[in-house]
Amino acid sequence: MLAKSAHGKWVMPSRRRFEASMKSLTEHLWFETPHRRDYLNITDKIEELVRRSGVQEGLCLVNAMHITASIYINDAEDGLLRDYDDWLEKLAPHEPTSQYRHNRTGEDNADAHLKRQIMGREVVMAITNGKLDLGPWEQIFYGEFDGRRRKRVLVKIIGE
Amino acid sequence: MLAKSAHGKWVMPSRRRFEASMKSLTEHLWFETPHRRDYLNITDKIEELVRRSGVQEGLCLVNAMHITASIYINDAEDGLLRDYDDWLEKLAPHEPTSQYRHNRTGEDNADAHLKRQIMGREVVMAITNGKLDLGPWEQIFYGEFDGRRRKRVLVKIIGE
Amino acid sequence: MLAKSAHGKWVMPSRRRFEASMKSLTEHLWFETPHRRDYLNITDKIEELVRRSGVQEGLCLVNAMHITASIYINDAEDGLLRDYDDWLEKLAPHEPTSQYRHNRTGEDNADAHLKRQIMGREVVMAITNGKLDLGPWEQIFYGEFDGRRRKRVLVKIIGE
């Protein structure tokens, strides 16, 4: 829609221009896991948000908003999830908690900050033809390393 | 180009508006490496796609679509590639394959899922003035940890 | 603003269309740390650039342009920074430098290339309502693993 500006020239109102050129969706998801460490498959939730966004071509960012949790993409296979857990515990053991300076602040979660660096904070995925452009085995996981309390994940979708 | 809408107002047709406001390019690259683990410099391929996209200012996502491979950025120096390989094998050894629960499914690639978490799934790069905005030594690598079969990499470019 | 094209149709000049549909900001930050390894909180600098960009909804990429440094997001707690440093030194020790093939090139920084893979090259953050959409404890860090020389970090902001 065009409107006549104060200077007598035809312009497209900026609101419409905004809506036409880029779509975005912002959503915060909440998780509270029953154990200190848990691995939740959140692929369906993210696919639903991509549909809702209406974006056909764009990018989808999903990131943990807490610094002792991860978003990562890998296999939804129970044995592998337990392998990850054993491996992370070997690379950055929870006990003894006194081995970490961070825990002198009264926390006991220094290991969770380290584990999250290995697994990563975020994933960025392509949206193609209105859908997440994932490989056949790619599943999106929320990795929790200091659970049993409510934590947030951010989903940001931009594109057209 | 403007056209008269059914309501008698001048509008810019949506197709043109789309093309004008955001460009995107989607490409899937295929790789089949000769060894279980290989490190391929794919910088030239990605630079060519950026040129082809016509994007001047934007972002370029490159991600492995398989969950036992990585896209990462580091040095194209043969000694370092072998250092990475030794180091990853130390942090997440292939043998004995029986140490991983995932391998009870009939796979022998649990270690590859772990190695890929260290090296990462994806990189996101800036495009500035029509080119990848990389530092002088930044090279884009496909890291394969369970090779000898065809696997895909996704390149998604968005911007203007 | 509209202009009459050579073909006598009303078109919006491309420059204006560009400005209206997508904003972008590109900035290179320089750092020179006093020690081989250092961890600098750069959150304020990035927030300032987001303000300056004028982007309300979009993405902010921050990446190291050197391959022995990281951008990562975690806690601004001194004990934790020292835990990271000890942990990285355990996973990829600097000494003996002769253990790495890369160092036969005359470098002594092979360990820095490995450490940076654990901590990551980049972060991608959402911009919502004109601000970085960060969790309460999320702080952006420049992690240096081979310091005492000038190095660059790239900030790329795109959106509307």
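Residue numbers begin at 1 in each chain, while the letters A, B, ... track the order of the sequences.
- B:Ser24 is not listed as a side-chain neighbour of A:Gln56, based on a closest heavy-atom distance of 4.5 Å or more.
- Checked for salt-bridge contact, B:Lys156 and A:Glu57 meet the test: a charged N lies under 4.0 Å from a carboxylate O.
- Counting heavy atoms of neighbouring residues, nucleotides and ligands inside a 6.0 Å radius, atom CZ of A:Arg82 does not exceed 12 of them.
- Heavy atoms closer than 4.5 Å to chain B are found nowhere in A:Leu81, neither backbone nor side chain.
- The part of A:Asp86 that comes within reach of chain B is its side chain, from C-beta onward, which places non-hydrogen atoms under 4.5 angstrom from that chain.
- Interface residue B:Gln117: backbone and side-chain heavy atoms are both found under 4.5 Å from chain A.
- Residues B:His102 and A:Asp75 have side chains in contact (heavy-atom distance under 4.5 Å, counting atoms from C-beta outward).
- Residue contact with chain A, scored on non-hydrogen atoms closer than 4.5 Å, involves the side chain of B:Arg121 exclusively.
- Across A:Tyr84, A:Trp87, A:Tyr72, the residue that shares the most heavy-atom pairs under 4.5 angstrom with chain B is A:Trp87.
- With a 4.5 angstrom heavy-atom cutoff, A:Glu138 touches chain B via backbone and side-chain atoms both.
- Heavy atoms closer than 4.5 Å to chain A are found in the backbone of B:Ala64, but not in its side chain.
- Chain B forms more heavy-atom pairs under 4.5 Å with one residue of A:Leu91, A:Thr128, A:Leu134, A:Ile158 than with any other, namely A:Thr128.
- Of all the listed residues (B:His66, B:Arg104, B:Arg116), the one sharing the greatest number of non-hydrogen pairs under 4.5 Å with chain A is B:Arg116.
- Contact annotation for B:Thr68: neither backbone nor side-chain heavy atoms come within less than 4.5 Å of a heavy atom of chain A.
- Distance CG/A:Asp133 to NE2/B:His28: 4.0 Å, rounded to 0.5 Å.
- When heavy atoms are compared at a cutoff of 4.5 Å, B:Leu114 approaches chain A by way of both its backbone and its side chain.
- A:Lys23 NZ to B:Met22 CE: the interatomic distance, rounded to the nearest 0.5 Å, is 10.0 Å.
- Your options are A:Leu88, A:Leu80, A:Leu59, A:Asp83, and the one with the most heavy-atom pairs under 4.5 Å with chain B is A:Asp83.
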